[in-house]
Amino acid sequence: MLKSRRNLLSAVVIGLIASAVAMPSFAAEKKLTLGFAQVGAESEWRTANTTSIKEAAKAAGIELKFSDAQQKQENQIKAIRSFIAQKVDVIGFAPVVTTGWDTVLKEAKAAKIPVILTDRSIETKDDSLYVTMIGSDFTEEGRKAGQWLLDNYKAQGDVNIVELQGTVGSAPAIERQKGFMEVIKANPKFKVTRSQTGDFTRAKGKEVMEAFLKADPNINVLFAHNDDMAIGAIQAIEAAGKKPGKDIIIVSVDAVKGAFEAMMAGKLNVTVECNPQLGPQLMDIVKQVKAGKQLPKRINTKEGIFPMETAAKEFPNRKY
Ligand code: GYE
């Protein structure tokens, strides 16, 4: 009895010493927490982006606090403030628009929480407010869309182009438009006659295209800043008794599965790829930032372009 008590006691003592020794390494392995403020769930691209971030956080053993801002800047600002209050290790966010972030980012900086931008860039005079920005080159995407059009549309007379813009003030809307215009101005026959926002959604893409079709019976080309708006517009074009992909040539961006389906049905002519699978790269960067590594200010993702003729062959390989 006495002996076994002593044994028990020494076992407890050994246990305590072991756990004390194990303590520092246990502390070093503390899970990192990432607060991520997402734009919303406006498009197929966005839902694929969210899935990628959630899956990658799990795989990397990072605790993710996720917030959906429903495409509203004030909601993103609120989410960032709440991440600061919760003392997360790193904040990531995809800024819905480019301007208006300095105040909240200064608060994050004062709290010594590093910020990583994903997908969309911001405009600021103070580059120290974020560590790095990981995402696509939207201007280049716009150029690719414009170049495809110049190379493939056999213009007899003037080419009447309408444009469905993304969210007003967002980096992809500003830069895709810029890249597209930069390229098509090489041929003065190509003219953008109408341009309005469809906020990157199918419903608004459809609604605005309906208005375009009512106002103008002679539209030759639609340039949509994303596939969802193009898909909404396809419905409007069909409802107006026209053939999308033939009567009206459609050029869009993202290369989501829905666009491949539309291309295989002959209703969408081309989509420029924009890769939403930023999750694994983001988690890597979170770890590097916490390890004190120096990172470049901008990390670009690589992407291609898919014309209609390639859709059936590519479709089985598409991941989003
Ligand atoms: O093209 C669009 C989404 O910021 C790249 O946002 C992203 C864009 C994408 O809603 O579908």
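Remember, it's 1-based here, ligands and their atoms both numbered in the order they're listed.
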Distance only, no hydrogens: is a donor on one side chain within 3.5 Å (strictly under) of an acceptor on the other, for [X] and [Y]?
{"X": "T197", "Y": "Q165", "answer": "no"}
{"X": "T301", "Y": "N275", "answer": "no"}
{"X": "S67", "Y": "Q38", "answer": "no"}
{"X": "S128", "Y": "D126", "answer": "yes"}

### Message
Test question: given the 4.5 Å side-chain rule for I, L, V, M, F, W and Y, name all other residues clustered with F138, or answer none.
### Response
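The other cluster members (ILVMFWY side chains, heavy atoms under 4.5 Å, direct or chained): none.
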### Query
Do any N or O atoms from the side chain of D119 and from the backbone of A94 form a donor-acceptor pair under 3.5 angstrom?
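Not a single qualifying donor-acceptor pair exists.
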Return a table of N or O atom pairs, ligand 1 on one side and protein on the other, at distances under 3.5 Å, rounded to 0.1 Å.
unit_1, atom_1, unit_2, atom_2, d
ligand 1, 1 (O), R176, NH1, 2.8
ligand 1, 1 (O), R176, NH2, 3.1
ligand 1, 1 (O), D254, OD1, 2.6
ligand 1, 1 (O), D254, OD2, 3.4
ligand 1, 4 (O), R46, NH2, 3.2
ligand 1, 4 (O), D119, OD1, 2.8
ligand 1, 4 (O), D119, OD2, 3.0
ligand 1, 4 (O), R120, NE, 2.8
ligand 1, 4 (O), R120, NH2, 3.4
ligand 1, 6 (O), R46, NH2, 3.0
ligand 1, 6 (O), R120, NH2, 2.8
ligand 1, 10 (O), E42, OE2, 2.5
ligand 1, 10 (O), S43, OG, 3.0
ligand 1, 11 (O), S43, OG, 3.1
ligand 1, 11 (O), N226, ND2, 2.8
ligand 1, 11 (O), D254, OD2, 2.6

